[in-house]
Number of protein chains: 2
Amino acid sequence: MVQLFAYFHRFQKLSPEAENAIAEISTVHTIKKNLDLQPIGHTCRTIYFINKGLARIYYFKEDIDITEGFYFENSIIARVESLFTGKPSRKAIQVLEDAEIIGIHANSLFKLYDQFHDIERLFRKIFEAAYVDTVNRIEGIQFHTAEERYKALLHEAPDVLKRVPLKYVASYLGITQVSLSRIRGIH
Amino acid sequence: MVQLFAYFHRFQKLSPEAENAIAEISTVHTIKKNLDLQPIGHTCRTIYFINKGLARIYYFKEDIDITEGFYFENSIIARVESLFTGKPSRKAIQVLEDAEIIGIHANSLFKLYDQFHDIERLFRKIFEAAYVDTVNRIEGIQFHTAEERYKALLHEAPDVLKRVPLKYVASYLGITQVSLSRIRGIH
DNA sequence: CCCTGCATTTAACATATGATAAATAATCAA
DNA sequence: TTGATTATTTATCATATGTTAAATGCAGGG
């Protein structure tokens, strides 16, 4: 849990009582490469933190596997469109390397919000930051060619290209795998 | 302010004291069509609520005007990538119809978070919902043709096409105005 | 009411990306 | 190591969207 609380601390200082309360509703999972941490069709009731490994959120659009995002060590991963609405998610979380992941039980966490103002504040800040990332990502998608998007990824998150199969990267960039391969070929 | 508090109430019940505190840091502006409510290059320190009218957030990418989003009556508008980071925004807010808008002073609001837990909770929920909208929008962009995106907009937000000049709609959809016109031509 | 300046459409051509198929390359289990 | 499976690249052709230019339509100010 050390890693998790160090991550939290960057957003918000917590009282020891608050940390304990979070620890009590959290469990550590080890999960093998390529397995789904959360399946399609179930409501998201867990917020995950990645200690070790790498995961993606994906869904199917007309039988085509589309990656919505990649998530690395020391980051939070959750299907927020389900977590914050209570609706079942059409998305799944898949682990792309053998991973160690902390799951925080969301309903219990939301109850802690009443008791610990600093916990509510912590997660407010975490999701505000994630919101900002998402807004910035739209800007990246909206008016760039596939090649520009590839180069931006190469520059901003080279780890994705080192650790993730290209077939998953292509849909993340909004193109086919064949196009991605062509773009890489040009250099 | 009635409209504003009715909107808030849909997310979170507030105490009368909390409502008063918000009212005290809020001011009503009337602003003429086509004027910028907030210019490019300044840090966002105000959260706006639209009582009447219609606005967009836009920016320039290599001299091309790009619309990031449209915002109608009874909604919140803010340049969150500046509001939540304190960095200057490369984006502006422009009013597209004569408008009446409530501005909430952000720094004062954030101070109220300490005093009124329910205000912090209110805005946590508001921005969680906005975050979900943004995540869903990425899904809409990622793997649809321009024609599909146009039809989706026609279906989900026909008001945009009725009230907004098409030149602004095109960049919102991630295409040129000529392409949009062609797509509309086919029906 | 008529200009004048924008907004929108139409047309012709250029290009990036998609689709399909086939060839290599890499991975993994036996 | 071998063979089977999966991932990636390469090639060809089709098509959607971009680019530029011109034509048409529309709105606001005098």
Side-chain angles (χ1 to χ4, degrees), chain A residues 32-36 53-54 56 58 60-67 70 94-98 138 140-154 158-187, chain B residues 31-36 53-54 56 58 60-67 70 94-99 138 140-154 158-187:
Chain A
K32 284 283 175 197
K33 179 173 176 171
N34 291 332
L35 293 181
D36 278 1
L54 159 59
R56 69 177 183 125
Y58 73 97
F60 288 97
K61 174 155 286 166
E62 291 151 22
D63 289 334
I64 296 171
D65 174 319
I66 295 177
T67 298
F70 298 108
Q94 181 191 20
V95 159
L96 297 178
E97 295 174 355
D98 292 354
I138 286 192
I141 298 175
Q142 207 168 9
F143 247 93
H144 283 109
T145 63
E147 187 175 348
E148 287 167 336
R149 295 192 309 265
Y150 172 72
K151 283 185 174 161
L153 186 67
L154 197 60
D159 260 31
V160 169
L161 292 158
K162 284 180 201 138
R163 293 167 63 182
V164 174
L166 292 173
K167 61 174 175 171
Y168 297 146
V169 176
S171 65
Y172 174 76
L173 291 173
I175 56 178
T176 61
Q177 198 191 342
V178 174
S179 281
L180 176 57
S181 191
R182 176 165 39 204
I183 286 162
R184 285 162 55 83
I186 308 164
H187 293 120
Chain B
I31 179 163
K32 285 280 173 198
K33 179 174 174 169
N34 290 333
L35 292 180
D36 277 1
L54 158 60
R56 70 177 182 125
Y58 73 96
F60 289 96
K61 174 155 284 165
E62 291 149 23
D63 291 332
I64 296 171
D65 175 317
I66 295 177
T67 297
F70 300 108
Q94 182 190 22
V95 158
L96 297 177
E97 295 174 356
D98 292 356
I138 286 192
I141 298 174
Q142 208 167 8
F143 247 94
H144 282 109
T145 63
E147 186 175 348
E148 287 167 336
R149 294 189 314 260
Y150 171 72
K151 283 186 176 161
L153 186 67
L154 197 59
D159 259 33
V160 170
L161 292 157
K162 284 180 202 139
R163 294 166 63 182
V164 175
L166 291 172
K167 61 175 176 171
Y168 297 146
V169 176
S171 64
Y172 174 76
L173 291 173
I175 56 179
T176 62
Q177 199 190 343
V178 175
S179 281
L180 176 56
S181 191
R182 177 167 36 206
I183 286 163
R184 286 162 54 84
I186 307 163
H187 292 120

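All chains are named by letter (A, B, ...) in the order of the sequence lines, taking the proteins before the strands, and each is independently numbered beginning at 1.
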### Task
Please list, chain by chain and in numerical order, all residues satisfying ring pair (Phe, Tyr, Trp, His ring centres under 6.0 Å) with Tyr168(A), sequence neighbours excluded.
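Testing Tyr168(A) for ring pair (Phe, Tyr, Trp, His ring centres under 6.0 Å), a comparison that skips the adjacent residues, returns none.
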### Task
Could I get the full list of ring pair (Phe, Tyr, Trp, His ring centres under 6.0 Å) partners for Phe60(B), not counting sequence neighbours?
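Once residues adjacent in sequence are excluded, the partners of Phe60(B) under the ring pair (Phe, Tyr, Trp, His ring centres under 6.0 Å) criterion are Tyr58(B).
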#### Entry: Shortest non-hydrogen separation from Gln94(B) to Asn34(B) and the atoms involved
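So the minimum-distance heavy-atom pair works out to NE2-O, 3.0 Å.
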Holding to side-chain contact (heavy atoms from CB on, under 4.5 Å), I want the full list of residues that pass it with [X], two or more places apart in sequence or in another chain.
X: Glu97(B); result: Leu54(B), Arg163(B)
X: Gln177(A); result: Lys167(A), Ala170(A)
X: Thr145(A); result: Glu147(A), Glu148(A)
X: Leu154(B); result: Tyr150(B), Leu161(B)

### Query
Around atom NZ of Lys33(B), are there more than 12 heavy atoms of other residues, nucleotides or ligands at under 6.0 Å?
no
### Query
Between Ile183(A) (CD1) and dA16(C) (P), how many Å, whole number?
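Roughly 10 Å, once rounded to whole Å.
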### Task
Find the distance Asp65(B):CG to dC6(C):P and express it as a whole number of Å.
15 Å
### Task
May I ask you to decide if Leu96(B)'s main-chain N or O and Arg56(B)'s side chain share a donor-acceptor pair within less than 3.5 Å?
no
### Message
Using heavy-atom distances to pick each residue's nearest nucleotide on DNA chain C, tell me which of His144(A) and Gln177(B) is more 5'.
### Response
Gln177(B)
### Query
End-to-end bend of the helix from dC1(C)-dG30(D) to dA30(C)-dT1(D) (five-pair axes, 10° rounding)?
50°
### Task
Walking along DNA chain D from 5' to 3', note the first and the last nucleotide with an atom under 4.0 Å from a heavy atom of chain B, and give both.
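Range of nucleotides touched by chain B: dT17(D) to dT20(D).
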### Query
Which of residues 162-169 of chain B have a heavy atom under 4.0 Å from DNA chain C?
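Going residue by residue through residues 162-169 of chain B, the ones with a heavy atom under 4.0 Å of DNA chain C turn out to be Pro165(B), Leu166(B), Lys167(B).
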#### Entry: Which residues share a salt bridge (charged side-chain N to carboxylate O under 4.0 Å, His left out) with Asp98(B), sequence neighbours left out
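Partners of Asp98(B) under the salt bridge (charged side-chain N to carboxylate O under 4.0 Å, His left out) test: Lys32(B).
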### Message
Let me spell it out: for each of Thr145(B) and Ser181(A), pick the nucleotide of DNA chain D with the closest heavy atom. Which residue's pick is nearer the 5' end?
### Response
Ser181(A)
### Task
For nucleotides 25-30 of chain C, just jot down a letter per nucleotide in 5' to 3' order: B, S or -, based on protein non-hydrogen atoms under 4.0 Å.
---S--
Can you pull every protein N or O that's under 3.5 Å from an N or O on nucleotides 18-20 of chain C?
from	atom 1	to	atom 2	distance (Å)
dG18(C)	OP2	Thr176(A)	N	3.3
dG18(C)	OP2	Thr176(A)	OG1	3.2
dG18(C)	OP2	Ser179(A)	OG	2.4
dG18(C)	N7	Arg182(A)	NH2	3.0
dG18(C)	O6	Arg182(A)	NH1	3.2

